[in-house]
2 protein chains.
Amino acid sequence: MRENANTRTRIQDVALELFTEQGYEATSLREIAERLGVTKAALYYHFKTKEDIVISMVESRIAAMDELIAWGESQPRTPETRREYVRRYAADLQHGRHHEMMRFFERNQTAMRTNPAGEKMRERMMAMLDILTDKDAPLADQLKGSLAIFAIHATWFVFRQPDVTDEQRQQAGLQVALELIGD
Amino acid sequence: MRENANTRTRIQDVALELFTEQGYEATSLREIAERLGVTKAALYYHFKTKEDIVISMVESRIAAMDELIAWGESQPRTPETRREYVRRYAADLQHGRHHEMMRFFERNQTAMRTNPAGEKMRERMMAMLDILTDKDAPLADQLKGSLAIFAIHATWFVFRQPDVTDEQRQQAGLQVALELIGD
DNA sequence: GTCTATAGGAGGATAGAC
DNA sequence: GTCTATCCTCCTATAGAC
């Protein structure tokens, strides 16, 4: 079970990387298995289907988002709540494989269209948006709410310089996101 | 050739729609053919390969971008140039299938990774970014440049209300983009 | 827990008739 | 220009040995 847990995690790691780089559909189980030095059949011992690999990966991310959303919904709808929400979201993405997961979803929106994990994720993104913007706010403000979230995600992949630290990334993303939701 | 041009265009239209909604890899040629009431083999009369369909669609978009980029590069690197650039870009996307094309690329980045059309498109996006932001500008400003472009694209799909006019969309996207690049 | 072998199907692409 | 028929490859998934 030590071995079990280990291989399971390694499969998830490799899958996440390949799914993000090449796309979910474009990545075959053979490819993942080869990268790990095992056969396809071995993967099926750990996961029932290909879809299952994604579902298993997304769980901890969904849990973290649920916690954050619950917090947001329990707070008064004030500017300060929104600011704090953005700060917490940015901090949240620093842990585990969380920002990698969000990138995976961003790059596989279409493939996740019919996937249960994708449905859950879309639901959460909507809930987050509801915390950041009113549904009857001006269009520009609604757009800014979406961009604020996107800014924090983009933090992890837009910069072209190789020498940017995680510290600097997070700081830049957070600053822009905060400006977008109105200071 | 009248028929020819017509069928060719219809294939492109259906392909663009399905590739965007379901994803490039998830859409089979059989599916496109069925939607048009023809067989797969008929598609192969009009296009050499599946990849070829994408390449053919992207041409007019690339041409428009090249024109815009050439204009940008011929102007002084001033704030007013950047503002005008953003305005022209927003107006540009109103024509033909242009914003649909950008949405297609956004949702199929991974699939377009190894596609010649994808390579061209990435190159142009980089060139646009270079016009909007300096490479040695603060990280936050670089991020804002990317977000400005994204804001204009997002204009066409983020709003949840069904009664938003194209006029209103464009206006909101443009306003936010202009704020992002500093008024 | 991992392997070999294989079923079963779908996809892209082509040949050749009409 | 479009069709029928078919090829070939690759994929997901399973059966059963070790």
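FYI, side chains are in, hydrogens and waters are out, and symmetry mates aren't considered; it's all heavy atoms of this structure.
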Exercise. Rounded to the nearest 0.5 Å, what separation is found between the CZ atom of R88(B) and the CH2 atom of W71(B)?
Worked result: 4.5 Å
Exercise. Just how far, in rounded Å, is P of dT2(C) from CG of L36(A)?
Worked result: 10 Å
Exercise. Salt bridge check: are K120(A) and E123(A) linked by an N-O gap of less than 4.0 Å?
Worked result: no
Exercise. Where the side chain of T133(A) meets the backbone of D130(A), is there a donor-acceptor pair that is under 3.5 Å apart?
Worked result: no
Exercise. Tell me, for nucleotides 4-18 of chain C in 5' to 3' order, what letter each nucleotide earns: B for a base near a protein heavy atom under 4.0 Å, S for only sugar-phosphate near one, - for neither?
Worked result: B------SBBB----
For this session: Scan for salt bridge (charged side-chain N to carboxylate O under 4.0 Å, His left out) pairs involving residues 98-113 of chain A, sequence neighbours excluded, and state none if there are none.
Result: none
Problem set entry | T7(B) side-chain N/O to dG1(D) phosphate OP1/OP2 under 4.0 Å | no
Exercise. For the side chain of T110(B) and the backbone of E21(A), is there at least one donor-acceptor N/O pair under 3.5 Å apart?
Worked result: no
Problem set entry | Backbone of P76(A) reached by a side-chain donor or acceptor of T81(A) within 3.5 Å | yes
For this session: Provide, to the nearest angstrom, the distance between the CZ atom belonging to F47(B) and the P atom belonging to dG1(D).
Result: 13 Å
Exercise. Does T20(B) reach the main-chain N or O of L16(B) with its side chain, forming a donor-acceptor pair under 3.5 Å?
Worked result: yes
Exercise. Using a cut-off of less than 4.0 Å, is there contact between a side-chain N or O of Y45(A) and OP1 or OP2 of dG1(C)?
Worked result: yes
Exercise. Would you find a donor on one side and an acceptor on the other, under 3.5 Å apart, between the side chain of N108(A) and the backbone of F19(A)?
Worked result: yes
Seminar exercise, completed: Axis-to-axis angle for the helix from dG1(C)-dC18(D) to dC18(C)-dG1(D), ends of five pairs each, to 10°, equals 0°
